[in-house]
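In what follows, a structure is listed as structure tokens, so that the remarks can point back to it.
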Amino acid sequence: MLDKTLSPASFEQRLYEGWEASGAFGADPSSTAAPFTIMIPPPNVTGSLHIGHALTFTIQDTLVRWRRMQGRDALWQPGTDHAGIATQMVVERLLGTQGVARRDIGREKFLEHIWEWKAQSGGTITRQLRRLGASLDWPRERFTMDAGLSEAVREVFVTLHQQGLIYRDRRLVNWDPKFQTAISDLEVESREMKGSLWHLRYPVEGQPGRYLVVATTRPETLLGDTAVAVHPEDERFRDLIGASVILPLVGRRIPVVADEYSDPEKGSGAVKITPAHDFNDFEVGKRHGLAMPSVLDAVGAVCLDEIEGDLLAVPGVADPDFVRGLAGQDRFAARKAIVAELERLDLVETIEAHQNAVPHGDRSGVPIEPRLTMQWYCDAATLAKPAIEAVESGRTEFVPKHFENVFFSWMRDIQPWCVSRQLWWGHQIPAWYAPDGSVFVARTEEEAYVQARQALGEGITLTRDEDVLDTWFSSALWPFSTLGWPQKTAELAKYYPGDVLVTGWDIIFFWVARMMMMGIHFMGEVPFRTVYIHGLVRDEKGQKMSKSKGNVIDPLELVDSFGADALRFTIASLATPGRDVKLGRKRVEDFRSFGTKLWNAARFCEMNGIAPDPGFDPSAVRAPLARWILDAANQAIGEATAALDAYRMDDYAGCCYRFVWNSFCDGFLEFAKPALNGPDGAEKAEIKGAAQHVLGTILRLLHPVMPYLTEELWDRFGYGAEFSLIHAAWPEPVPVSEAAAARGELDWLVGLVSAVRAVRAEMNVPPSVTVPLLVQDASPETLARGGAWLDTIRRMARATEFRALATDEAPKGVAQLVVGEATVLLPLAGAIDLEAERARLRRELDKNEAEAAKVSAKLANPDFVSRAKPEVVEENRERLAGFEAEAARLQVALDRITD
RNA sequence: GGGCACUUAGCUCAGCGGUAGAGCGCCUCGUUUACACCGAGGAUGCCGGCGGUUCGAAUCCGUCAGUGCCCA
């Protein structure tokens with residue numbers, strides 16, 4: 001016997017272990033079944049499961065389980081990425097608590113610590129994924145730092161270098177002064193900050209007393225200024241173009257250049273140009289051939305090495321001693337000191353309060369410093385072209401389609417990708433340097449030496465590049481490196497390209513773009529056919545969840561409270577493609593009742609001796625109720641399959657919900673009760689047969705989204721062996737004889753019962769009062785149906801009998817309702833308020849007449865009749881006839897009780 | 001400043017040329033032997049505003065307003 005209440009915690013773990021132990025999640029390269037591949041977008045190894053993961057992995061698992069049931073050889077590839085900065089940060093902090101600093105113990109030792117940490121704590125998220133029910137092929141789990149994946153990284157780096165698509169260059173990068181590494185544009189987030197706009201006076205050379213006022217938000221970079229730019233059309237400064245100004249504090253002469261970058265509307269209209277510390281200034285500097293001295297070092301402190309020689313004493317303007325005193329000062333301290341000195345020299349015109357967007361490192365949280373350094377770059381623009389073309393031609397499709405625009409806009413304007421990072425944790429760049437500075441890129445040190453000897457002769461000592469590659473460099477290879485590339489494996493042949501990549505829109509630039517570029521370049525084919533983009537999870541108010549706001553919800557806590565199935569079903573129900581999902585505890589609590597409902601329905605079936613019957617033949621069933629539910633199940637199967645095909649998780653969940661709750665529970669089981677309580681016979685047997693068949697269908701239909709509950713019921717009922725639902729066949733429609741007739745009959749029954757219930761409720765007739773149903777103008781078919789369903793009608797409509805009104809019969813005090821061609825009279829004698837009944841009928845009549853008038857007006861329009869589709873015209877004619885007929889019957893009913 | 005999305009019942013959202021929907025909430029009723037995480041019934045909408053296309057617009061086009069996001 002099933003327990004009275006559903007308690008997911010009592011079976012979730014046992015079922016998961018059962019599936020996993022039996023190898024149910026495993027792909028089988030040797031099978032002949034068509035593959036279905038989803039590459040997990042590898043979560044960060046330092047991560048733990050948050051609600052966004054719950055969303056994306058619920059969707060992925062639902063798709064994978066569904067396809068597996070359809071007989072596909074499903075590969076859901078698990079794994080994590082090594083998360084260069086994040087991991088290094090975690091372990092550094094950990095060592096810090098023991099008083100150990102990274103640089104003290106050295107690279108090798110530090111990496112040992114990281115691997116140790118990874119062995120102990122790196123599996124958090126994969127353990128948590130199991131609680132969610134995710135059916136990943138665990139024995140195939142990969143990590144981006146694995147030997148195989150590292151080989152792939154070296155292979156790709158060397159090949160791209162040979163092809164000229166990876167090169168070294170000296171450009172401005174986003175430098176994170178806290179981690180002392182370059183970071184990607186995408187790891188930079190701009191934050192609105194309250195700052196100041198300082199208007200500074202730069203003395204014009206040769207014109208004593210004249211100043212050019214420049215406006216800046218970063219006075220500390222003034223030391224590295226090499227020009228002042230004004231707009232070429234700006235009348236105020238026209239005569240100064242080509243002149244020079246004296247750079248305050250430094251004393252260097254710098255030119256005034258004309259450049260459209262300077263916006264006459266902003267600030268003072270003149271802007272100082274510091275090419276080594278600002279991306280826009282860098283471009284201006286290149287256009288005008290300016291020097292590009294750096295004045296801040298790796299930690300963001302003032303460094304005078306590159307301007308030492310420029311320092312000049314200019315009375316009242318520049319003092320080399322002051323500048324020398326700035327050396328080694330942090331950029332913010334230097335800002336204060338510089339502003340104070342300028343104020344002392346009366347070179348500050350005004351200070352304006354100013355709101356500006358300051359780029360911050362998303363992990364370090366400190367302002368990014370643009371910095372001119374030598375780095376390795378990947379020619380992303382060249383790699384992007386075929387990726388753009390693949391989406392344009394539809395070889396890879398986005399769902400929803402409009403996200404292709406986001407992809408295109410990014411890819412068409414893609415910048416050289418800085419792939420080197422000044423970290424220790426990651427794939428060390430396979431490049432070696434000779435003492436003379438020559439670079440040798442090779443798969444191994446031996447190969448590098450071979451190259452070096454060929455180029456430079458014997459006796460050279462090479463040193464390896466210290467830097468590592470961007471984590472995304474290895475993630476980009478994930479769709480094929482996990483399958484064994486560069487080896488030619490059976491897995492690679494079978495599972496590449498993958499079917500679908502599932503991810504949020506915020507990650508299009510990271511995974512999607514990079515996997516596309518690398519996949520196409522190295523495999524000659526797109527890495528996935530479809531990119532399914534879902535939204536982000538927000539709190540109930542639509543706010544982004546964040547630890548600092550304190551509005552995060554823990555998916556595991558929700559699993560503890562309501563079960564994994566409830567969380568999964570809630571997520572699926574709310575997952576409209578591409579739109580953000582507002583999710584709170586309450587939503588999960590609400591959807592939990594659906595699982596309970598199914599549990600109780602199953603319990604009811606069990607109590608009535610409904611059990612799996614493999615010999616059941618749906619096509620032989622004659623009882624209308626059984627045919628009706630079998631037909632409804634057929635429709636649900638069609639809808640659910642179509643919804644999953646279209647990645648409509650919400651529609652899939654919704655159609656299952658309606659079928660289980662409305663059709664199976666409120667419809668079928670309720671109508672089946674009289675037969676189930678009655679004597680054994682052919683009809684009862686058919687209804688039980690249909691019940692077990694449809695329950696089995698429901699369990700299979702819902703398994704992809706509610707794997708635990710369905711498997712538990714499947715096993716308990718004995719539909720198959722333990723843990724076998726995961727491999728059961730996805731349901732197919734079954735033949736049902738005369739389905740339309742069964743639908744017609746049940747629709748009639750539901751219509752009759754609802755109408756009677758509605759009238760009784762409105763008339764406040766207590767359930768204890770039972771009344772005869774006397775029908776007038778009923779067709780023989782209606783009378784026959786009434787007879788056939790008498791027990792059900794009695795039970796559900798609180799009726800004593802259902803029969804034709806005798807010709808000489810004229811009951812007093814009746815409520816009347818129109819069902820199809822017939823009018824049903826409920827003699828309520830004393831219980832009825834005639835006035836109220838008249839009003840009710842009047843309302844019904846008005847409603848009908850209004851509808852009839854609307855349709856009639858439409859049909860009176862000759863344009864409509866001649867131009868609309870014939871079937872639409874016909875449909876409206878039928879509707880009009882229906883409304884008119886019902887109105888006529890209501891009129892008769894009204895007349896009957898009106899004197 | 002450029003771009004994208006959104007605006008439908010109290011709330012959360014489907015629907016995207018032909019009868020305005022769901023879930024939750026709300027109101028009324030309920031000791032019918034699966035389920036109160038339930039059952040029955042009910043109320044609630046100028047489908048953001050204004051134009052246009054069309055026989056017909058929540059749905060297509062334009063425009064305005066508001067909201068959110070992305071990129072500068």
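The structure displayed is predicted, hence computed values, not measured ones. Here is the naming used below: chain letters follow the sequence lines, and residue numbers restart at 1 for every chain.
- A side-chain hydrogen bond (donor to acceptor under 3.5 Å, both in side chains) check over residues 859-869 of chain A, counting only residues at least two apart or in different chains, returns nothing.
- The salt bridge (charged side-chain N to carboxylate O under 4.0 Å, His left out) analysis of residues 791-800 of chain A, with sequence neighbours excluded, yields the pairs A:E670-A:R795, A:D791-A:R794.
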Given protein heavy atoms under 4.0 Å, the one-letter contact record of nucleotides 25-39 of chain B, with B base, S sugar-phosphate only and - none, is simply ---------BB-BSS

Output field dot_bracket for RNA chain B (Watson-Crick or G-U, both distances under 3.5 Å, | for other-strand pairs) contains ((((((((.[[[[.)..(..]]]].(((((.......))))).....[[[[[..)....]]]]]))))))).

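- For the side-chain hydrogen bond (donor to acceptor under 3.5 Å, both in side chains) condition, the pairs that include at least one residue of residues 646-663 of chain A, sequence neighbours left out, are A:R648-A:D650.
- At the phosphate of B:C13, OP1 or OP2 sits under 4.0 Å from a side-chain N or O atom of A:K582.
- Considering all non-hydrogen atoms of both residues, A:F883 and A:V855 come closest at CE1-CG2, 4.1 Å.
- Under 4.0 angstrom from either OP1 or OP2 of B:G18 there lies no side-chain N or O belonging to A:R877.
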Between the protein and nucleotides 2-10 of chain B, are there any N/O to N/O pairs under 3.5 Å, and if so, what are the atom names and distances?
none

Do any side-chain atoms of residues 761-768 of chain A form donor-acceptor pairs under 3.5 angstrom with protein atoms, and if so which ones, sequence neighbours left out?
from	atom 1	to	atom 2	distance (Å)
A:E762	OE2	A:R843	NH2	2.5

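- With sequence neighbours left out, the ring pair (Phe, Tyr, Trp, His ring centres under 6.0 Å) criterion links A:F398 to A:F407.
- Checking the phosphate oxygens (OP1, OP2) of B:A14, no side-chain nitrogen or oxygen of A:Y657 falls inside 4.0 Å.
- Applying the ring pair (Phe, Tyr, Trp, His ring centres under 6.0 Å) criterion to A:W472, with sequence neighbours excluded, gives A:F510, A:W511.
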Could you pull out the protein-nucleic contacts involving nucleotides 19-21 of chain B (nitrogen or oxygen on both sides, under 3.5 Å)?
from	atom 1	to	atom 2	distance (Å)
B:U19	O4'	A:R879	NH1	3.2
B:U19	O4'	A:R879	NH2	3.3
B:U19	O2	A:R879	NH2	3.4

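- For A:F11, there are no ring pair (Phe, Tyr, Trp, His ring centres under 6.0 Å) partners at least two apart in sequence or on another chain.
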Show every donor-acceptor pair shorter than 3.5 Å between a side-chain atom in residues 568-585 of chain A and any protein atom, with sequence neighbours excluded, or say none if there are none.
from	atom 1	to	atom 2	distance (Å)
A:R568	NE	A:V705	O	3.0
A:R568	NH1	A:D61	OD2	2.8
A:R568	NH1	A:L132	O	3.0
A:R568	NH2	A:D61	OD2	2.8
A:R568	NH2	A:P704	O	2.8
A:T570	OG1	A:A566	O	2.6
A:S573	OG	A:F569	O	2.8
A:D580	OD1	A:W505	NE1	3.1
A:D580	OD1	A:L536	N	2.8
A:D580	OD2	A:R538	NE	2.5
A:D580	OD2	A:R538	NH2	3.0
A:R585	NH1	A:E557	OE1	2.8
A:R585	NH1	A:E557	OE2	3.0
A:R585	NH2	A:S561	OG	3.2

